[in-house]
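My questions all concern the structure below.
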Amino acid sequence: MARDPLVYALTIPNYGTFIYEISDKGLIRVNWEEEKDLREDYEDPLGLSRLLKLYFSGETVDFKGVPVDYRDISITYREILEFIRDIPYGNTITYGEVAERLGKPRSARVVGNAMRINPCPIVIPCHRLTARNGLGGYSLGIDKKILLLHLEGVNIC
DNA sequence: TATTACACCCTAT
DNA sequence: ATAGGGTGTAATA
């Protein structure tokens, strides 16, 4: 466990409150909670609050510049999470395709596991992964995945 | 150690 | 439609 993380919070009306932890190496995790009291991050050391506000206002935001602290994540999952950071806004890719691109064509399920433990939703855009036969899952609830894809203009059948 | 449970996907029945 | 095997990790015993 990385030590001495700093905790910040930002509420975006109609979407929720984002609590995020930052270490000296970067972002450790993002929690997306139901909206409670209004909270505003005035420090915003990584520029994340600004990006989140832009993102939820509908702008095409690239979170690739936000440093992530992967120290608590196994090398396999880390590789997968780093790979999917490059999926552009508004695009989707299949779990199986990611596995193929990483040279492990039978490991689609492992890719799903990496998404399941993704500590930084939105910043690491695991919502852009879909199953071959449908939408696939989302740890925070499938409605959140649909919301994000809709926000990015992805058409869902 | 061994077992189990996964945000999948392919190939058989 | 459904079952089972291939994958890697983490939680649990």
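To find a chain, count down the sequence lines: A is the first, B the second, and so on, and within it residues start at 1.
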(request) Would you mind reading off the distance between Arg78(A) atom CZ and dG8(C) atom C1', rounded to a whole angstrom? (result)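 Going from Arg78(A) (CZ) to dG8(C) (C1'), I get 17 Å.
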(message) Tell me whether the rings of Phe56(A) and Tyr15(A) are parallel (<30°), tilted (30 to 60°) or perpendicular (>60°).
(response)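 Taking Tyr15(A) first and then Phe56(A), their aromatic rings sit tilted (interplane angle of 30° to 60°).
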(request) Specify the separation, in whole Å, of atom CD1 of Ile73(A) and atom C1' of dT9(C). (result)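 These atoms are roughly 12 Å apart.
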(request) On DNA chain C, check which nucleotide each of Ala108(A) and Ile75(A) is closest to and give me the residue with the more 5' one. (result)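 Closer to the 5' end of DNA chain C: Ala108(A).
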(message) So if I take every side-chain heavy atom of Tyr77(A) and compare against dA10(C), dC9(B), dT7(C), which nucleotide ends up nearest?
(response)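 It is dA10(C).
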(message) Can you say whether a donor on the side chain of Arg106(A) sits under 3.5 Å from an acceptor on the base of dG5(C), or the other way round?
(response)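 No, the side chain and the base share no sub-3.5 Å donor-acceptor pair.
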(request) Considering only atom P, compute the distance from dA3(C) to dA5(B) and round it to an integer number of Å. (result)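 Result for the P pair: 16 Å, nearest Å.
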(request) Specify the closest pair of heavy atoms between Ala108(A) and Ala99(A), including all atoms of both residues, with the distance to one decimal. (result)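 Minimum heavy-atom separation between Ala108(A) and Ala99(A): N-CB, 3.7 Å.
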(request) Check whether any side-chain heavy atom of Ile84(A) sits under 4.5 Å from a side-chain heavy atom of Val98(A), and report yes or no. (result)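 Yes, side chains in contact.
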(request) Can you tell me which stems involve DNA chain C, if a stem is defined as three or more consecutive Watson-Crick or G-U wobble pairs, both distances under 3.5 Å? (result)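 DNA chain C forms these stems: B:1-6 with C:8-13, B:8-13 with C:1-6.
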(request) Rounded off to whole Å, could you give me the CG-to-P distance for the Asn113(A) and dT9(C) pair? (result)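 Going from Asn113(A) (CG) to dT9(C) (P), I get 10 Å.
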(message) Using only atom types and a distance under 3.5 Å, with no angle test, would you say the side chain of Thr11(A) pairs donor to acceptor with the backbone of Asp37(A)?
(response)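 Judged by distance alone, yes, a pair lies under 3.5 Å.
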(request) Find the distance Leu81(A):CG to dG8(C):P and express it as a whole number of Å. (result)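 Rounding to the nearest Å, CG of Leu81(A) and P of dG8(C) are 16 Å apart.
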(message) Between Asn118(A) and Glu100(A), which residue's closest nucleotide on DNA chain B lies nearer the 5′ terminus?
(response)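 The residue whose closest nucleotide sits nearer the 5' end is Asn118(A).
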(request) For Ser139(A), answer base if it contacts any base atom (sugar-phosphate contacts may also be present), sugar-phosphate if it contacts only those atoms, and nothing otherwise; contact means non-hydrogen atoms under 4.0 Å. (result)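 Base, at least one base heavy atom under 4.0 Å.
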(message) Let me spell it out: for each of Ser107(A) and Ile117(A), pick the nucleotide of DNA chain C with the closest heavy atom. Which residue's pick is nearer the 5' end?
(response)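 Its nucleotide being nearer the 5' end, the pick is Ser107(A).
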(message) Output the rounded distance in Å from OH (Tyr95(A)) to C1' (dG8(C)).
(response)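 For the pair Tyr95(A) OH and dG8(C) C1', the rounded distance is 16 Å.
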(request) Look at the side-chain N and O atoms of Thr76(A) and state whether any lies under 4.0 Å from the OP1 or OP2 oxygen of dG8(C). (result)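 No, Thr76(A) has no side-chain N/O under 4.0 Å of OP1/OP2 on dG8(C).
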(message) The side chain of Arg109(A) is closest to which nucleotide in this list: dG8(C), dC6(B), dC9(B)?
(response)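 Closest of the options to the side chain of Arg109(A): dC6(B).
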(request) Would you mind reading off the distance between Met115(A) atom CE and dT9(C) atom P, rounded to a whole angstrom? (result)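 In whole Å, dT9(C) P lies 14 Å from Met115(A) CE.
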(message) Please check if the number of heavy atoms outside Glu40(A) that lie under 6.0 Å from its CD is greater than 12.
(response)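 Counting other residues, nucleotides and ligands, CD of Glu40(A) exceeds 12 neighbours.
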(request) Could you state the atom-to-atom distance from CG of Asp72(A) to P of dT9(C) in whole Å? (result)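 It is 16 Å, rounded to the nearest whole Å.
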(request) Have a look at Gly136(A) and say if it touches a base, only the backbone sugar-phosphate, or nothing, with a 4.0 Å heavy-atom cut-off. (result)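 No contact.
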(request) Classify the angle between the aromatic ring planes of Tyr138(A) and His127(A) as parallel (below 30°), tilted (30 to 60°) or perpendicular (above 60°). (result)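 Rings of Tyr138(A) and His127(A): perpendicular, as their planes differ by over 60°.
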(message) Distance check, C1' atoms only: dA10(C) and dC9(B), in whole angstrom units.
(response)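 Their C1' atoms lie roughly 22 Å apart.
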(request) Rounded to the nearest angstrom, tell me the gap between atom CD1 in Ile80(A) and atom P in dT7(C). (result)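 Checked: the CD1 to P distance equals 14 Å.
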(request) Can you see which heavy atom on Leu38(A) is nearest to which on Glu35(A), and at what distance? (result)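 Looking at all heavy atoms of both residues, the shortest contact is CD1-OE2, 4.0 Å.
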(request) Would you confirm whether Asp41(A), through its side chain, and Tyr8(A), through its main-chain N or O, come within 3.5 Å as a donor-acceptor pair? (result)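 Answer holds: no.
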